[in-house]
Amino acid sequence: MNHVLRQLPAIHELKQDQRFINLLEQKQVSLDKLTEWLQEAVSDIRQGILTQMIDLDNLKVVGMEEAIFSTVSERISHHCTYKLRRVINGTGTVLHTNLGRARLGEKAIQQATETAYSYSNLEYHLEQGKRGSRHELIEELVKETTGAEAAMVVNNNAAAVYLVLKALAKQKEVIVSRGELVEIGGSFRVSSIMEESGAKLKEVGTTNKTHFYDYEQAITEETAMIMKVHTSNFKIIGFTKDVSISELKPLGNEQEIILYEDLGSGAIYDLKRDGIGQEPTVSEALQNGADLVTFSGDKLLGGPQAGIIAGKKKWIDRLKKHQLARVLRVDKMTLAALEATLKEYVNEETVREKLPTLRAILLSKEEIKHKIENFLAPLSPVWVTELRDEVSQVGGGTMPEVELDTKILLLSNSKIKAQTMHEKLRIGVPAVVSRIIDEKIALDFRTIEESEFSDLHKRLQELEQEMR
Ligand SMILES: *Cc1c(COP(=O)(O)O)cnc(C)c1O
């Protein structure tokens, strides 16, 4: 063993090696850093030899220097690839919370990039030449697309809910039906947010049934608000009753009680017209009598992460002035992307084509089949392929009952197990997230765009090469 250890080259010699010079020329890391990693690599290998973790015969075949430099290369690629990176979503779930929810539309990406690149009038009134407000940038658009009297934007919908409760109901009572006290994926729990805000939760009704008189009887001097929560990823079926905002309207009117609805997804485009789901649009919720509504920017809306608060000007003005509004404010890139996303809704005919979220939800099974056929045309014959009817989900806690008819591609190969393939696809670049069905790789092309085909082909070719 000692004679092997003696073969470990000195650092100053390794630094003269062409492989070291090549790594340095790639300019991914500084000379100091590269030297440090070189020292670490040598020390790791020494350690490996001493603890007999490294197979000496194998080391002889590979060569000492080569082993050192490949350790250094691994370290470089580990440190120099991004932790947050692109994923090809083969799950068919359009708003996959773990995969970043909505993909942005073309214009939103352009606007966010331009705003990042340049200075902007984020808080500067160009006409008047003085300080402006970032709220104004999108307020008009939200009003136009939802019919709201006023609006503002915060960091996400959870923040929007928190701000509404804290600013308008702190130390007062908020009436919520027991059937709506939900926990939504990603640890958003209505009762916890309420507690955190200092508002007092007053539960009414039962899990399956809440009646008008439950709300009516719960009202006291202390009541600030009646809150309705969209139950999103949870549905009670069967013997149920809930009370709609329009039915609750008289309670709000009489006593200056705020009728607030947390819509969760907040659709502006009405998917009901295409026969998809029962999701109320934001403007319907407001027309039905909600004084305030909150919803996410990156769910059905198809924009960046944001929480939009819309409704009566009187309440929105109070919210804008609250200290928390400053804490929860959104940055310029989000506002740029949100403005561009909302702008697409001004043209109802083109929005379904322009926004990837709507486009993916509205794809028909035939269109998806056609996509798969295009994908398959140049695919190598080593793959056994099969098309199968399946359903995809909208995701993001949105419309859990909706099943979108789809076609999936099943891929298999006698030389490689589905599980191995699944893992390799996930770990490589770009990452591909697939499912396994019947010991085959399943890809739902609802969420794979034609622009991603060449990368997906490339990843499959890599697998083929490994199989040889
Ligand atoms: C998704 C959701 C939230 C949380 O929204 P985020 O944008 O994830 O913060 C809150 N309420 C409801 C009803 C939801 O569906």
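First listed ligand is number 1; within each ligand, the first listed atom is number 1. Position 1 is the first residue of the sequence, and the numbers go up from there. What you see below is based on every heavy atom in this structure, not just the backbone, and it leaves out hydrogens, waters and symmetry mates.
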Indicate the ring-plane relationship of His457 and Phe453, choosing parallel, tilted or perpendicular according to the 30° and 60° boundaries. perpendicular
No-hydrogen, no-angle side-chain donor-acceptor test under 3.5 Å, Glu367 and Ser364: yes
Aromatic centroids of Tyr269 and Tyr345 separated by under 6.0 Å: no
Arg75 and Glu36 ion-paired at < 4.0 Å: no
Measure the distances from the heavy atoms of Lys228 to every atom of ligand 1 and state whether one is below 4.0 angstrom. no
So, are Glu180 and Lys228 salt-bridged, with charged N and O less than 4.0 Å apart? yes
Nearest heavy-atom pair of Asp331 and Arg134: which atoms, and what distance? CA-NH1, 4.1 Å
Before signing off on this row, confirm whether Asp262 and ligand 1 have an N or O atom pair separated by under 3.5 Å. yes
Closer than 4.0 Å to some heavy atom of Arg101 - which atoms of ligand 1 meet that? 6 (P), 7 (O), 8 (O)
Are any of the N/O atoms on Lys299, whether in the backbone or the side chain, positioned under 3.5 angstrom from an N/O atom of ligand 1? yes
One finds that the ligand 1 atoms under 4.0 Å from a non-hydrogen atom of Ser296 are 5 (O), 6 (P), 7 (O)
Please could you name the atoms of ligand 1 that His230 approaches to less than 4.0 Å, counting only its heavy atoms? 13 (C)
Would you call Arg329 and Glu123 a salt bridge, using N to O less than 4.0 angstrom? yes
Contact check, Val161 vs ligand 1, heavy-atom distance below 4.0 Å: no
Judging by distance only, is a nitrogen or oxygen of Ala159 under 3.5 angstrom from one on ligand 1? no
The atoms of ligand 1 lying under 4.0 Å from a heavy atom of Gly264, numbered in the order shown, are 12 (C), 13 (C), 14 (C), 15 (O)
My understanding is that we take every heavy atom of each candidate and find the minimum distance to atom 3 (C) of ligand 1. Doing that for Asn157, Thr294, Ile193, which one comes out nearest? Asn157
